[in-house]
**Q** 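First, the structure itself, so that you have it in front of you.
Both counts, for ligands and for their atoms, begin at 1 and track the order of listing. Fair warning: this is a prediction, and the values are worked out from it, not measured in the lab.
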Amino acid sequence: MLSMTLQEWEETLKQWGEPKFRAKQIFDWLHKKQITEIDDMTNISKGLREKLKQNGKISYTRQVKKLVSQIDGTIKYLFEIENGLVIESVFMHYHYGNTACISTQAGCRMGCSFCASTLDGVERNLTAGEMLSQIYEMQKDTGERISSVVLMGSGEPLDNYENVLRFLHLANDKNGLHLGQRHITLSTCGLVEKMYDLLEEDLQITLAVSLHAPNDRIRQKIMPIAKKYSMQEILKVCKEYSDKTKRRVTFEYALIKGINDSDDCAEELASKLHNMLCHVNLIPINDVKERNYCKSSEERVKKFTYIMEQKGIETTIRRKLGSDIDAACGQLRKSYQLHS
Ligand code: SAH
C-alpha cells in the first residue's frame, strides 16, 4: 500500500465505488501520519478497512538493531523486512539538516570486490514502500525530520529501476514526504543503459557515480560491471546528464591502498574529468576483512586530493561520521546474519 501513488489510490477507490476524497485520507494516513496498521485509519469505515486488509498490506519494516555514535550522533539501523531479510539504513546529522542513507535491495548482485553488501548476491528488490518506510521509521525513532536522502545503502538502485523511480516520485509528492528532488542522491556503479533511461525521466535528482578507478584496466579489477560498460561510456552519459540538468555529477572514489591511489591514478582521473561539471568525493575505503583491501594513508589521501585540485577538479574527502559504530558498508548486516 505504501508503494501506491495518490492517483492509483483514486483509481482503485473509484472502482470500489468510494468517493475520491477517501484516497487522500488513506494517503495521509500512510505518508503523513505514517501508521503501520490499517486499523489505525480511524476516519475510514470498518468495512473499507476490511477491504483494504483483504487486498493489500502496509510494508513491514521492523527495527532489529540500532547503534548510536557517541561522537556525532550518527545512527545505524538494521531493519527486518518481509521474509526475515535484514537491510541497513543510516541517519546522519549535517549542519544543513538530517540525511538518511537507505537501501534499495537486500544484498546486491554487482559484485564490487571491496563491498560487503554484495558478498551473498542479491536477495530481493525492495519495493518503493520499503524504501520509504526506512525513512519513516528513522523519523519516528529520532523524532526528527529527514531533509535529504541518499540511495547509498545496500543494492544497486538502477538494478531495481521501476521501484526506485516509483520511490522518487512518492518521496517528492507534496501530499507525502515532499522531499525536493535536489535533496535526493542516486548512486550507481554505472549501468549505462539505465542511466540513459534516467536521463529521459527529466528529474532533478543528484547523480552520483561510483568510479573508483581512473581507467578500465583498474576498474575491471575491482568492479565486474566495468567489463560491461567502459569508463568512456559512463563519462559520456554523465556529461549528457549534467548538460541537460545543469547539475553537477558526483564521482565517488574509494581509495584502496596500492590499487587506485597513486599519483598517476590521480593525474589520469583528473585529465579524464577535465571539462566536466562534476565533483569528486574521495572515500578512504572501509576495510573488508574478506578481501585484502586496506585504506590509503592519510598522507596519500591528501596528496591525491592535492593533485586533483591542482588540475582544477573539485575534490572533497568524505566526512567520516559514526567512526565508533563503523561497521563499514553492509558489514553491520553481515555480522547480524552470522550471529543470529
Ligand atoms: N550500488 C550503488 C550504491 C550503493 S554503495 C553504487 O555502487 O554506487 C554506495 C557507495 O559505497 C558506493 O560508492 C560504493 O562503491 C561504496 N562502497 C562500498 N563498499 C565500500 C567500502 N568498503 N568502503 C568505502 N566505500 C564503499
**Q** Just let me know how Thr188 lines up against ligand 1, side chain, backbone, both or neither, with a heavy-atom cut-off below 4.0 Å.
**A** backbone

**Q** With a 4.0 Å cut-off on heavy atoms, is Gly190 in contact with ligand 1?
**A** no

**Q** Between Thr188 and Glu156, is any side-chain donor less than 3.5 angstrom from a side-chain acceptor?
**A** yes

**Q** If the cut-off is 4.0 Å to any non-hydrogen atom of Cys189, which atoms of ligand 1 fall inside it?
**A** 6 (C), 7 (O), 8 (O)

**Q** As a test of understanding, state which of Glu268, Lys272, Gln220 forms a side chain to side chain donor-acceptor pair (under 3.5 Å) with Asn215.
**A** Glu268

**Q** Counting only heavy atoms, which portion of Glu252 has something under 4.0 Å from ligand 1: side chain, backbone, both, or neither?
**A** side chain

**Q** With sequence neighbours excluded, tell me which residues meet side-chain contact (heavy atoms from CB on, under 4.5 Å) with Glu193.
**A** Tyr229

**Q** Would you say Cys108 and ligand 1 have an N/O pair spaced under 3.5 Å apart?
**A** no

**Q** Does ligand 1 have any atom that is closer than 4.0 Å to a heavy atom of Ser154?
**A** no

**Q** Look at atom CD of Glu144 and say whether more than 12 heavy atoms of other residues, nucleotides or ligands are closer to it than 6.0 Å.
**A** yes

**Q** Of Phe251, Tyr293, Phe114, which meets ring pair (Phe, Tyr, Trp, His ring centres under 6.0 Å) against His212?
**A** Phe114

**Q** Just one of Thr315, Thr250, Thr316 clears the side chain to side chain donor-acceptor pair (under 3.5 Å) bar with Asn281, so which one?
**A** Thr316

**Q** Between Thr74 and Asp72, do the side chains contain an N or O donor and an N or O acceptor separated by less than 3.5 Å?
**A** yes

**Q** Closer than 4.0 angstrom: is that true for some heavy atom of His212 and an atom of ligand 1?
**A** yes

**Q** Taking 4.0 angstrom as the limit and counting only heavy atoms of Ile285, give me the atoms of ligand 1 inside it, by number and element.
**A** 21 (C), 22 (N), 23 (N), 24 (C)

**Q** With heavy atoms of Gly155 as the reference, note each atom of ligand 1 found under 4.0 Å away.
**A** 1 (N), 2 (C), 3 (C), 4 (C)

**Q** Heavy-atom distance to atom 18 (C) of ligand 1: which of Cys101, Ala254, Ser187, Cys115 wins?
**A** Cys115

